[in-house]
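As a basis for the values below, the full set of heavy atoms in this structure was taken, side chains included, without hydrogen atoms, waters or symmetry mates.
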Amino acid sequence: MLKQFLLLMHKQLIYLLLILAVYGCNTNEKYSAVTTPTEASTFVGSISCKECHQQEYDSWEGSHHDQAMKFAGEHAILGDFDNAIFTHKNVKSTFFKKDGDYYVNTEGSDGTYRDYKIIYTFGVTPLQQYIVKLENGKFHCLITAWDSVENKWYHLQPDLDIANEEWMHWTGGSMNWNNMCADCHSTNVHKNYESETDTYTTSFSEINVSCEACHGPSSSHVEFYEKELTGTPPKMHMGTGLSSEDLVQQCARCHSRRSQFTDYYNYEGHFLDHYNPQLLTDPTYFVDGQIRDEDYVYASFMQSKMYSEGISCRDCHDVHSMELKIQGNNLCLTCHVPSYNTPEHHYHEVNTEASQCINCHMTGRIYMGNDFRRDHSFRNPRPDQTEKYGTPNACNSCHTDKSAKWAADFIREKYGEERADHFSDHLLEGFHNNKEGYETLFSNTNYPEIARATAINQYMTHQVTREDVNKLLKYLKDSSALVRNETVKALETTRSPEFSSNIAPLLNDSIRLVRISAARYFNLLGIDRLEDVAYKNATKEYLKDLNYNLDFASGNHQKAIYYQSKNNTEDAIKHYERAIEIDNYFNMSRMNLALIYYQIGRVKESEALYLKVVEQEPEFSSSYYMLGLLYNETGDTDKSMEYLELAAKKEPRNSSVFYNYALMLQKAGDNKKSLEIINSGLEFFPNTERLLYVKLLGELNLEQNSKAKATCLELLKIAPDNTDYANILKSLEQ
């Protein structure tokens, strides 16, 4: 369907003539206006908007939305295809023209060179990418792109050594247009992936981000005015009366780092009825919420005071051209007082780059090699946080020869000792081993909802008590869908069915994302609610989510977990294996598959998988730990202790590593080293009962009675009703 679309045969001759007129004027453009049925209206193409909305059309034409994707041709292609050669890490790409078409000769997935025809252009500035067609309906972006500012070819991942079979290779999943790009770069996209055959039949109505990409299918709207009907005209999507909050949520569909869980976007419901946004977690964001990886604005803007005050995208950007409404500081001064634009506020020379508001309050990062994008959280510079936590700050991004202390001292001198309360203070406190920081954040509804949801997500990475978990229950009724959703997911991590009565109402939540998480809780914990209609409906949505994402390694991983919860080992294995096939470095699936193999007696295959993880991620502790347990179970004590010792030195730290290793050392009679290991573990996991208990055993074995007494007292503080601890203490006091 992507080769060429049929022209729309509109009911009225005038629209057919308009379409033909456009083709006659620009024969190189292959736009089509294919109708795709929806609930109430159909897609008729942006040309049908032009007659009545000439000004908006002219503003949109030539914009980044208009040029988001084009059919390859001389009017669209910017790159040098005059037998240009670009070589990167011994891979040579030759760009050339043949019979009026554009080609690249480069290395494919099997390591051999061949010619690939350029089918589409992708973007325009500061870079333009090129898309070729592979087998099974797959379209892939080349990893060599055209720098349309400096007019040169360059590599998007210059620092990586990428093997042909890797997910990051241009023929791998990371550069697949069907699932990584299409939904945001074209109009009315249907991915249409068939997992059994690994085949796509992806379709779209218009190749670029056209009028209907934002405003939805418009046939009813066109017909109303064409026939001069009376009454209320059909409502269009993203109309002028949209609230600021709703506008941001609608723009978020494409301007966010997110995953999709519906078959296609049908212009109904909330952003969270179709997409699951990335939270402010490391490494996608810095741990204070500043942008780090490619984040696409939404989650940053959601953090800002501007968003909370009712500002939206349209207040700064023209919604059709996407350009800023006003250049420079004058844009900021449409809302802020003039005194902010003086040296008395910014302490820089007037009319310099340093005096620009955006350079202090919208720092940025370069993505895709040359694309500088700004952080839309609009935060004040906080070099004091850099001093304490190592996070970046605006001052030192320019004053690279100065220390964070210098910058922090300057801020304190000029703006006072106290910094305004900001959610990032609590996010940072929570990340650095004090979960109370997270609690302060998620309990305060004045903080941004995406930050509160992040705090709940990260809260459960700490050691939590039953009392800690119970504190979360009230957030199942929070006004924020993001907060409700993360609360359900947090409770799921406890693996406890006791919260089922609390979560059950969310099976009927107004937001699909929350319903899916609630269904996941009941399915993965094996809680039977087969007579509950809400459960059945939410489970259908959950399964649709799982099936939609089977072209991702992560999607197959989640489907495998689902099958494990249903005791369907065969299908779980199939999907873990498929995940690894899609991405050879997707070691979450490799770890889970290794455990299944061990459980069903395929010990050698299990060992091989764990060793592969060790090879690929030598600093990842969990593979060493699992090998230590495997070798212990198979009777190889020396290897078991070797791998447990290695696990204790690597990240992420795991209290079970120290516990098991120390017990094995005691069994081998090495109580002294056992205590060394336990004390090391207690540095990472203080006041952990089972670690203290093993410590007590080691001290008793070495007859260190005074130390054993002190340890016993610590244990009784944790478990005052434990009679074993009381009896041991009594014997030590005699």
Criterion salt bridge (Lys or Arg N to Asp or Glu O under 4.0 Å) on E531 and R529, from CA distance to verdict: CA-CA 5 Å; E531 303 305 316; R529 296 185 66 89; over 6 Å; no
Contact check, side chains of Y548 and T262, non-hydrogen atoms, under 4.5 Å: no
Where do Y367 and D295 come nearest, in terms of heavy atoms and distance? OH-OD2, 4.2 Å
Compare all side-chain heavy atoms of R515 with those of L507 and state whether any distance is below 4.5 angstrom. no
Might you confirm whether atom NZ of K536 has over 12 heavy atoms from other residues, nucleotides or ligands at distances under 6.0 Å? yes
K540, NZ atom: more than 12 neighbouring heavy atoms under 6.0 Å: no
Taking atom types as modelled and ignoring hydrogens, do the side chains of N547 and K559 form a donor-acceptor contact shorter than 3.5 angstrom? yes
Given the rule in the ring pair (Phe, Tyr, Trp, His ring centres under 6.0 Å) test, do Y267 and Y265 qualify, once you have shown the distances and angles that lead to the verdict? CA-CA 6 Å; Y267 297 87; Y265 183 70; 4.8 Å; yes
Quick one: ring-ring contact (aromatic ring centres under 6.0 Å, His included) pairs with a partner in residues 454-491, sequence neighbours left out? Y438-H462, F442-Y459, F442-Y475
Please name the residue in the list Q290, H422, Q303 that meets the side-chain hydrogen bond (donor to acceptor under 3.5 Å, both in side chains) test with R379. Q303
Side-chain donor or acceptor of K717 paired with backbone N/O of N687 under 3.5 Å: no
I'd like to know whether NZ of K544 has more than 12 heavy-atom contacts from other residues, nucleotides or ligands below 6.0 angstrom. no
Closest approach of E449 to S480 (non-hydrogen atoms, all atoms of both residues): OE1-OG, 2.6 Å
H557 and Y576: CA distance, side-chain angles, deciding distance, ring pair (Phe, Tyr, Trp, His ring centres under 6.0 Å) verdict: CA-CA 6 Å; H557 183 83; Y576 282 135; 5.4 Å; yes
Side-chain contact, heavy-atom cut-off 4.5 Å: H237 with Q250? yes
Taking atom NZ as the centre, does K566 end up with more than 12 heavy-atom neighbours from other residues, nucleotides or ligands that are less than 6.0 angstrom away? yes
Before you tell me yes or no, could you show the steps for D468 and Q463 under side chain to side chain contact (heavy atoms under 4.5 Å, CB included), namely the whole-Å CA-CA distance, both residues' side-chain angles and the distance that decides it to 0.1 Å? CA-CA 9 Å; D468 292 330; Q463 283 191 304; over 6 Å; no
With heavy-atom distances below 4.5 Å as the criterion, would you say the side chains of R373 and E294 are in contact? yes
For Q558, what residues pass the side chain to side chain contact (heavy atoms under 4.5 Å, CB included) criterion, not counting sequence neighbours? R520, L546, I561
Is there any salt bridge (Lys or Arg N to Asp or Glu O under 4.0 Å) pair reaching into residues 242-254, and which pairs are they, with sequence neighbours excluded? D183-R253
Would you call T487 and K474 a side-chain contact if the rule is heavy atoms closer than 4.5 Å? no
Nearest-0.5 Å distance that lies between atom CG in N276 and atom CG in D545: 8.0 Å
ring-ring contact (aromatic ring centres under 6.0 Å, His included) contacts in which one or both residues fall within residues 495-516, not counting sequence neighbours: none
Side chain to side chain, V287 and L427, heavy atoms closer than 4.5 Å: no
Could you pull out the closest heavy-atom pair between L280 and F423, with the gap in Å? CD1-CE1, 4.3 Å
Should the pair Y693 and Y725 be assigned to parallel (<30°), tilted (30 to 60°) or perpendicular (>60°) ring geometry? tilted
Without hydrogens or angle criteria, can the side chains of S589 and N592 be said to hold a donor-acceptor pair below 3.5 Å? no
Using 30° and 60° as the class boundaries, would you call the ring planes of Y298 and F271 parallel, tilted or perpendicular? perpendicular
Backbone N/O of S377 and side chain of S304: donor-acceptor pair under 3.5 Å: no
Just grab all the salt bridge (Lys or Arg N to Asp or Glu O under 4.0 Å) pairs involving residues 681-698, residues at least two apart or on different chains. none
To check you understand the geometry: which heavy-atom pair defines the closest contact between V694 and S674, and what is its length? CG1-OG, 4.4 Å
Closest non-hydrogen contact found for F658 with S680 is CE2-OG, 3.9 Å
With no hydrogens and no angle check, do the side chains of E617 and S623 hold a donor and an acceptor under 3.5 Å apart? no
Looking at E651, I want to see if its CD is surrounded by more than 12 non-hydrogen atoms of other residues, nucleotides or ligands under 6.0 Å. yes
Measuring from S606:OG to R590:CZ, what's the distance to the nearest 0.5 Å? 12.5 Å
Exercise: identify the closest heavy-atom pair between Y562 and N523: CE1-OD1, 3.8 Å
D425 and its side-chain hydrogen bond (donor to acceptor under 3.5 Å, both in side chains) partner, picked from R419, R382, K388: R382
Pairs flagged by ring-ring contact (aromatic ring centres under 6.0 Å, His included) wherever residues 508-527 is involved - sequence neighbours left out: none
